[in-house]
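The figures here come from the full heavy-atom set of this structure, side chains too, leaving out hydrogens, waters and symmetry mates.
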Amino acid sequence: MPPDTAEPEQPTAQSEIEDLRRQLQENQDRLLRSLAEAENVRRRFERTADDRVKYANEALLRDLLPILDNFDRALAAARSSGSSSTVVDGVDLIQRELLRVLERAGLSRYSAVGQRFDPARHEAIARVVSGEAAPDTVVSETGPGYLLHGRVLRPALVAVAAAPDEDAA
């Protein structure tokens, strides 16, 4: 065999081995990336499923909020009209029990009076010119706000202070 033909075969075999090693490394990298992506998808799915379970009662609880509002109105009317204290006590007891049940489901009630107006937690229904309260401070509340596991279910309905010299349009 001539010496010229033996030399080119060895570098070709070596380069072929290197090429196969590179392909193997690329395939291993792709496999690891695919496994990591599959793990990320699994975790995202679990978080979504957990949130779905956690907030499954949201529509029901939203529908129950007007009932709580009516309890508030009934108690206020009964107290102001001087109705029998047993009626007031009974309605008050029912309201507290309903609130306890809803709290176990993740609902919490919050008051906004005295806080700085936050459009994410408060719905302004009026502006009140006030010399005592700082501007953009909640001065009164028509309806309390409700949170479901820390997320606003219904914002508090509030009146917000405006400075006396502001245009209260």
Side-chain angles (χ1 to χ4, degrees), residues 30-169:
R30 263 186 275 168
L31 175 64
L32 289 175
R33 290 177 194 270
S34 295
L35 289 172
E37 180 62 25
E39 181 65 18
N40 289 340
V41 167
R42 185 190 63 78
R43 286 183 187 151
R44 195 173 326 125
F45 178 77
E46 284 177 357
R47 273 194 310 269
T48 302
D50 289 345
D51 279 352
R52 191 173 296 124
V53 168
K54 189 175 183 180
Y55 296 104
N57 293 333
E58 184 172 354
L60 170 65
L61 295 172
R62 191 181 311 275
D63 290 343
L64 289 173
L65 294 180
I67 295 169
L68 287 172
D69 294 337
N70 288 334
F71 272 121
D72 289 337
R73 288 184 200 103
L75 286 169
R79 287 184 182 127
S80 68
S81 70
S83 291
S84 170
S85 68
T86 57
V87 172
V88 172
D89 292 342
V91 172
D92 191 39
L93 182 67
I94 294 168
Q95 182 191 35
R96 282 185 301 194
E97 181 61 26
L98 178 59
L99 281 170
R100 272 194 297 274
V101 168
L102 295 175
E103 285 171 359
R104 285 195 301 266
L107 186 76
S108 60
R109 188 178 204 177
Y110 66 91
S111 177
V113 177
Q115 296 179 2
R116 181 156 180 80
F117 177 74
D118 177 1
R121 294 176 53 97
H122 309 132
E123 183 176 332
I125 58 172
R127 271 179 81 178
V128 178
V129 176
S130 173
E132 296 110 30
D136 293 330
T137 301
V138 175
V139 291
S140 68
E141 183 177 78
T142 304
Y146 292 92
L147 302 172
L148 178 58
H149 299 290
R151 185 189 322 177
V152 175
L153 185 62
R154 185 182 77 188
L157 304 175
V158 300
V160 181
D165 57 347
E166 280 186 37
D167 179 22

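- Here the closest non-hydrogen pair linking Ala162 and Arg127 is CB-NH2, 3.5 Å.
- Smallest separation of non-hydrogen atoms from Ala133 and Ala161: CB-CB, 3.8 Å.
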>> Applying side-chain contact (heavy atoms from CB on, under 4.5 Å) to Arg73 and Asp69, what does each step give before you reach the verdict?
In response: CA-CA 6 Å; Arg73 288 184 200 103; Asp69 294 337; 3.6 Å; yes
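- Classified by interplanar angle (parallel below 30°, tilted 30° to 60°, perpendicular above 60°), the ring pair Phe117/His122 is tilted.
- Rounded to the nearest 0.5 angstrom, Ile94 CD1 and Ile67 CD1 are separated by 12.0 Å.
- Other residues, nucleotides and ligands place more than 12 heavy atoms under 6.0 Å from the CZ atom of Arg42.
- The shortest distance between side-chain heavy atoms of Glu97 and Val101 falls below 4.5 Å.
- Distance CD1/Ile125 to OG1/Thr142: 3.0 Å, rounded to 0.5 Å.
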> So Leu61 and Tyr146, side-chain contact (heavy atoms from CB on, under 4.5 Å) or not? Walk me through it.
Replying inline: CA-CA 10 Å; Leu61 295 172; Tyr146 292 92; over 6 Å; no
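- Between the CZ atom of Arg121 and the CZ atom of Arg154 there is a distance of 13.5 Å, given to the nearest 0.5 Å.
- The CG atom of Leu153 sits 4.5 Å away from atom CZ of Arg62, with the distance rounded to the nearest 0.5 Å.
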> Does the pair Leu107 and Leu64 meet the rule for a side-chain contact (heavy atoms from CB on, under 4.5 Å), with working shown?
Replying inline: CA-CA 11 Å; Leu107 186 76; Leu64 289 173; over 6 Å; no
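- In this structure, His149 NE2 and Asn57 CG are separated by 7.5 Å, a value rounded to the nearest 0.5 Å.
- For the atom pair CG of Asn70 and CG of Leu75, the computed distance is 11.0 Å after rounding to the nearest 0.5 Å.
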> When you look at Arg43 and Glu39, which way does the salt bridge (Lys or Arg N to Asp or Glu O under 4.0 Å) test go after all the steps?
Replying inline: CA-CA 6 Å; Arg43 286 183 187 151; Glu39 181 65 18; 3.4 Å; yes
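- The side-chain heavy atoms of Val160 and Val128, taken from C-beta on, include no pair separated by under 4.5 Å.
- With contacts defined as side-chain heavy-atom distances shorter than 4.5 Å, the pair Val53/Asp50 does not qualify.
- Side-chain N or O atoms of Glu141 include one that pairs as donor or acceptor with a backbone N or O of Ala112 at under 3.5 Å.
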> Is there a side-chain contact (heavy atoms from CB on, under 4.5 Å) between Arg96 and Leu99 once you walk through the steps?
Replying inline: CA-CA 5 Å; Arg96 282 185 301 194; Leu99 281 170; 5.5 Å; no
> Are Arg109 and Asp72 close enough, and set up right, to give a salt bridge (Lys or Arg N to Asp or Glu O under 4.0 Å), and what steps lead you there?
Replying inline: CA-CA 13 Å; Arg109 188 178 204 177; Asp72 289 337; 2.3 Å; yes
